[in-house]
Number of protein chains: 2
Amino acid sequence: MNIIISNSDGMPIFEQIENAIKQAIFSNELKEEDMLPSVRSLANDLKISFLTVKRAYDELERGGFIKTVQGKGSFVAPKNLELIKEEKLKEIQDYIEKIYTISKISNISEEEVKELFKIIFEEEF
Amino acid sequence: MNIIISNSDGMPIFEQIENAIKQAIFSNELKEEDMLPSVRSLANDLKISFLTVKRAYDELERGGFIKTVQGKGSFVAPKNLELIKEEKLKEIQDYIEKIYTISKISNISEEEVKELFKIIFEEEF
DNA sequence: ATATCTGTTATATTTATATTATAACAGTTT
DNA sequence: AAACTGTTATAATATAAATATAACAGATAT
């Protein structure tokens, strides 16, 4: 698995790890029941504290993406299509919120945004 | 000018002020050469430190939205708002394209995206 | 000229969050 | 038993945001 972290992009390290692993799961680079790197080994590879990796894993477990068993390790949870869709809907929601903020600040009307939306969603036929 | 700040929405106060003033400029509530409230008076109104207001003003000046003169005050800069709006529309377009890609890949219908759009854009009062 | 606005700068402190180091503990596997 | 796993607790550090306070400097009206 290929995780690149950056100290300077505003996103906390634990969140960068979380996203990288989600991505690996979505792309099927990590398959169901695959074991994740141990908190200590990944921490070692990334030259960070294992507590930071643990935090990422804890979040992933809360989200239902992995299962962790003390003494054994962390494993990719059986894929749940609904979960994946939820995740993608969340991504879309984040983008729409950004659009909302920009439009509000820049005095761009809802109609103008809708128009762009229409153009992009309809031009692919 | 009507600025409402919140301590608990994740956005730093200086950024909330920044956005509120940008919005006032875009909506023409604040016109070219209009004087902004002094850092101290706005800080007083909002019950925050004048340094926080100063930071917001500094950012606005860096962005070319206002001009500040020591001893006189801060003033809305002459600006080509249409040009900025074009930039912002492009940003929005990029986001919509990302949304389009995600929705296609994840089998999320246009209707579902529209629904999210509605929810977020209607949260306003 | 001086009082009173304006912004500027410097210092120190507080708060919250992220991250770290370290140590001890607990379950699993070989 | 040794060597892996994860867990927990504590204390320390780093950073950004925001604060309080004080002193300084330019603009302006009276």
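Order of the sequence lines sets the chain letters (A, B, ...), proteins ahead of strands, with each chain counted from 1.
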NZ of A/Lys67 versus P of D/dT7: gap in Å, rounded? 12 Å
Nearest-angstrom distance from the residue atom CZ of B/Phe75 to P of D/dA27: 11 Å
Would you call the rings of A/Tyr100 and B/Phe121 parallel, tilted or perpendicular if under 30° counts as parallel and over 60° as perpendicular? perpendicular
Within this structure, what is the CD-to-C1' distance between A/Glu59 and C/dT17, rounded to whole angstrom? 13 Å
Is there any protein nitrogen or oxygen under 3.5 Å from a nitrogen or oxygen in nucleotides 15-18 of chain D, and what are the pairs?
residue, atom, partner, partner atom, Å
D/dA17, OP2, B/Arg55, NH1, 3.0
D/dA17, OP2, B/Arg55, NH2, 3.1
D/dA18, OP1, B/Ile13, N, 2.2
D/dA18, OP2, B/Phe14, N, 3.4

A/Glu61 side-chain N/O to A/Thr68 backbone N/O, donor-acceptor pair under 3.5 Å: yes
Could you check how far NZ of A/Lys54 sits from P of D/dT10, rounded to whole Å? 16 Å
Contact list (N/O, under 3.5 angstrom) for nucleotides 28-30 of chain C vs protein:
residue, atom, partner, partner atom, Å
C/dT28, O4', A/Gly71, O, 3.2

Spell out, as yes or no, whether a donor-acceptor pair under 3.5 Å connects the side chain of B/Glu59 to the backbone of B/Glu15. no
Main-chain N/O of A/Asn28 paired to A/Lys31 side chain as donor or acceptor, under 3.5 Å: yes
B/Ser106 side-chain N/O to B/Ser103 backbone N/O, donor-acceptor pair under 3.5 Å: no
Here the pair of heavy atoms bringing B/Glu91 nearest to A/Ile102 is OE1-CD1, 3.3 Å
B/Arg40 (side chain) and C/dT4 (base): donor-acceptor pair under 3.5 Å: no
Let me know the distance between CD of B/Glu61 and P of C/dT8, rounded to the nearest Å. 7 Å
Just by distance, no angles: are the side chains of B/Asn19 and A/Lys104 close enough, under 3.5 Å, to form a donor-acceptor pair? no
Could you check A/Tyr57 against A/Leu51 and say which one's nearest nucleotide on DNA chain D is further toward the 5' end? A/Tyr57
Taking B/Leu83's backbone N and O only, do any of them form a donor-acceptor pair with B/Asn80's side chain (distance below 3.5 Å, no angle check)? yes
Parallel, tilted or perpendicular: which describes the rings of A/Phe26 and A/Phe65, with under 30° parallel and over 60° perpendicular? perpendicular
Grab the CZ-C1' distance between A/Phe50 and C/dT22 for me, whole Å please. 9 Å
Can you tell me how far P of C/dT8 sits from CG of B/Asp58, to the nearest Å? 6 Å
